[in-house]
Amino acid sequence: QMKSPQMTAQPDTRTKMPPNGNLTIAIYLAVTGLSAACGLVIEIVAGRMIAPYLGMSLYTWTAVIAVVLAGFSVGHWIGGWLAEKPSGPARSAVAISLCLAGLSAALSLVLLRTLSGPVIAIGLPAVPTILLLTFVLFFPPSLFVGIPSPVLTKLAIDEAPSRMGTLLGAFYAVGAFGSIVGTLAAGYVFISYFGSIRTILTVALLYLMMAAILFALDRRCKKKPLLARQTVVPAAIIALLFGGVILSGRAVSAFVDNCTKESAYYCIRVIDISGDIGIPARTMVLDHLGHGTNLRDQPGILLTPYVEAQDALVKAHFQAPQELNAFFIGGGAYTLPRAWLARWPKAKITVAEIDPAVTELARQSFWLNGDPRLTIEHQDARRALASEPEKSFDVIVGDAFHDIAVPQHLVTREFFALNANRLKGDGAYLMNVVDNGSRPRLTLSIQRTLKSVFPSVELWQPYGQGTRQTFVLIAAKTPTPKKTLYSRVDPESSWQRIPEDEIAKLQQLTEPLLLTDDFAPVDRLIGVE
């Protein structure tokens, strides 16, 4: 007997989407993407936060990235464990983790002000100091924000098991996209327009907002009223904790920006030292190092020793520098350009300063006046030199730094060859290098690299040894006619040209490298002692 088609039809065994299931999944996706973005904002801002205390170098960025990734990893593992719980407790755990992420993010501002001094005072080498402080500040918020992703992915799959593959791809994609958006927003928007402190507080509030949304969603899924003891008590506890963080932060000025201006490159500070020397004077600090001290009424008096040494070398090398045409790699407080313009009426100065905010502050606070003889190019110095091959200079002065290290593309044989091509026949290239006083591995590597391009390379150091010193190098076709430079500011201070035999002994000790665009390990050579 033939059976009718109706009798042979099989029931639909596919899992039905619960009411409002798409909305719930959309909320999970939004929280996953936004939390990933916030986590990357913290990572980018972390480097800027610690720069005034530890500087900005390869070591600081390496520590920040490693610590944040470690936090994400532990958070993901914990999130995977929580994802095995029933949906209600799992959802509540994610909300709690986001609250803790907001609390720890805001608390990092307080800990930065209270712990940075004691941690640095321990006296550990640079790398352990950077790792320790970075871990204390940024591991907790990274851990807590790593928890939501695996939990929310599992909750979304529970809403629509038949779409597991699609949902896995969607959550991976939205997490990656959020990370990209967070990175771009931190670098191009938040730091430039909000500053580090407001950015961190904004992220903390976003974490709280996401937590509140998940709490509300959990109450709705359980079909329970939003305002009940189970929600009011946790909300009051969170409010009290945040209130405590805010009060403690205000007590240590954690929410007061210690930068006069925070630019896309530096935390720039203006330090008034007029009371210390008795006349109007200011020092410019970029991140945590001074980059020039200017006297308002006496621009020709150079208080920074290496700047005075560079000035003396130029006067010794050139018989009549009144018509000097100079190019400066880095502006800072524009101390030496300002001095030369005041001293030599026919001098022409070109400065390549990558940060327009540095120039703006130099005009506002360091008495850099508009002068038709001064040309300022706000771009990378190497690009500036390469883009105008028709120009030539009597002197090129290298004074660009990230933390205490020279950017690696400004110490290579290719870059020095570019400088040699831009110098006139009797021109000279000068630069200063911060290095270990007894084992100047970076300085000697730069000296060796300069020797591959220039006939004469001299290495000058201040009288007396120190753990860290600023060396000055001058490269030209002919040597400087002097072996000692005496300070006008401090009669007991002088600079000595290191004899060739002593340089040879130091080279045997340190084995300097020839630096190229392909290989210039500046941070490793400068040492971490």
Side-chain angles (χ1 to χ4, degrees), residues 300 302 306-331 334-352 371-375 377 381-382 384-400 406 410-433 443 446-461 471-486 488 494-500 503 515:
L302 305 171
Y306 77 83
V307 176
E308 189 183 30
Q310 290 175 334
D311 181 56
L313 281 170
V314 167
K315 288 188 288 187
H317 190 82
F318 295 94
Q319 298 298 322
Q322 285 81 5
E323 298 183 6
L324 199 71
N325 189 354
F327 183 93
F328 281 81
I329 301 169
Y334 288 78
T335 304
L336 198 51
R338 185 169 170 263
W340 286 357
L341 289 171
R343 185 187 304 152
W344 298 318
K346 296 183 179 181
K348 294 181 180 179
I349 307 291
T350 301
V351 179
D371 193 311
R373 298 171 297 154
L374 175 64
T375 301
E377 300 183 12
R382 182 163 177 171
L385 281 172
S387 63
E388 300 179 279
E390 72 282 355
K391 292 186 178 181
S392 59
F393 303 94
D394 299 298
V395 177
I396 297 176
V397 180
D399 189 18
V406 185
L410 301 181
V411 295
T412 65
R413 179 173 55 189
E414 293 84 350
F415 178 65
F416 292 148
L418 173 62
N419 280 271
N421 289 333
R422 294 294 179 272
L423 287 172
K424 297 178 182 178
D426 59 344
Y429 172 80
L430 295 94
M431 71 176 297
N432 55 295
V433 183
T443 303
I446 293 175
Q447 190 262 354
R448 177 187 173 186
T449 306
L450 282 168
K451 285 284 286 185
S452 69
V453 176
F454 291 90
S456 173
V457 179
E458 300 167 9
L459 181 57
W460 293 73
Q461 72 175 153
F471 295 84
V472 173
L473 296 103
I474 178 169
K477 287 187 175 180
T478 58
T480 305
K482 293 184 178 182
K483 297 183 179 180
T484 303
L485 303 172
Y486 295 98
R488 291 177 56 197
S494 65
W495 285 71
Q496 309 292 325
R497 186 168 72 185
I498 302 178
E500 290 296 329
I503 291 178
L515 306 176

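Only this structure's heavy atoms are used, side chains among them; waters, hydrogens and symmetry mates stay out. For reference, positions follow the sequence shown, starting with 1.
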Handout entry: From CG (Leu459) to CD1 (Ile503), nearest 0.5 Å
Key = 5.0 Å
Exercise for the section: Can you measure from CG (Leu473) to CD (Gln461) and round to the nearest 0.5 angstrom? Expected result: 11.0 Å
So, using ring-ring contact (aromatic ring centres under 6.0 Å, His included) as the criterion, who are the partners of [X] when residues are at least two apart?
| X | value |
| --- | --- |
| Phe415 | none |
| Trp340 | Phe328, Trp344 |
| Phe393 | Phe327 |

Fill in the blank from the handout: The complete set of salt bridge (charged side-chain N to carboxylate O under 4.0 Å, His left out) pairs with one or both residues in residues 342-351, sequence neighbours excluded, reads Asp311-Arg343, Glu323-Lys346
Please give me the minimum heavy-atom distance between [X] and [Y], naming the atom from each residue.
| X | Y | answer |
| --- | --- | --- |
| Leu410 | Phe416 | O-CE2, 3.8 Å |
| Ala339 | Gly300 | CB-CA, 4.2 Å |
| Leu341 | Ala347 | CD2-O, 4.1 Å |
| Gly398 | Ile329 | CA-CB, 3.9 Å |
| Pro345 | Arg373 | O-NH1, 2.8 Å |
| Val472 | Ala309 | CG2-CB, 4.3 Å |

Exercise for the section: Apply side chain to side chain contact (heavy atoms under 4.5 Å, CB included) to Asn421 and list each qualifying residue two or more places apart in sequence or on a separate chain. Expected result: none
Completion exercise
Residues at least two apart in sequence or cross-chain that pass side chain to side chain contact (heavy atoms under 4.5 Å, CB included) with Glu414, listed by chain then number, are Arg382, Thr412, Thr516, Asp517
Exercise for the section: Keeping the roles fixed (side chain from Arg422, backbone from Leu385), state whether a donor-acceptor pair exists under 3.5 Å. Expected result: yes
Handout entry: Donor-acceptor pair, side chain of Asp394 and main chain of Asn325, under 3.5 angstrom
Key = yes
Handout entry: Check against side chain to side chain contact (heavy atoms under 4.5 Å, CB included), Tyr334 and Ile349
Key = CA-CA 11 Å; Tyr334 288 78; Ile349 307 291; over 6 Å; no
Atom pairs and distances, donor-acceptor, side-chain atoms in residues 423-432, under 3.5 Å, two or more places apart:
| unit_1 | atom_1 | unit_2 | atom_2 | d |
| --- | --- | --- | --- | --- |
| Asn432 | OD1 | Gln310 | NE2 | 3.3 |
| Asn432 | ND2 | Asp399 | OD1 | 3.4 |

Fill in the blank from the handout: The side-chain hydrogen bond (donor to acceptor under 3.5 Å, both in side chains) partners of Lys477 (sequence neighbours excluded) come to none
Completion exercise
The side-chain hydrogen bond (donor to acceptor under 3.5 Å, both in side chains) partners of Thr335 (sequence neighbours excluded) come to Asn294
Show me the donor-acceptor pairs, under 3.5 Å and distance only, between side chains in residues 478-486 and residues at least two apart or in other chains.
| unit_1 | atom_1 | unit_2 | atom_2 | d |
| --- | --- | --- | --- | --- |
| Thr480 | OG1 | Glu458 | OE1 | 2.8 |
| Thr480 | OG1 | Glu458 | OE2 | 3.3 |
| Thr484 | OG1 | Gln496 | OE1 | 3.1 |

Exercise for the section: Could you check if a side-chain atom of Thr449 sits within less than 4.5 angstrom of a side-chain atom of Val411, using non-hydrogen atoms only? Expected result: no
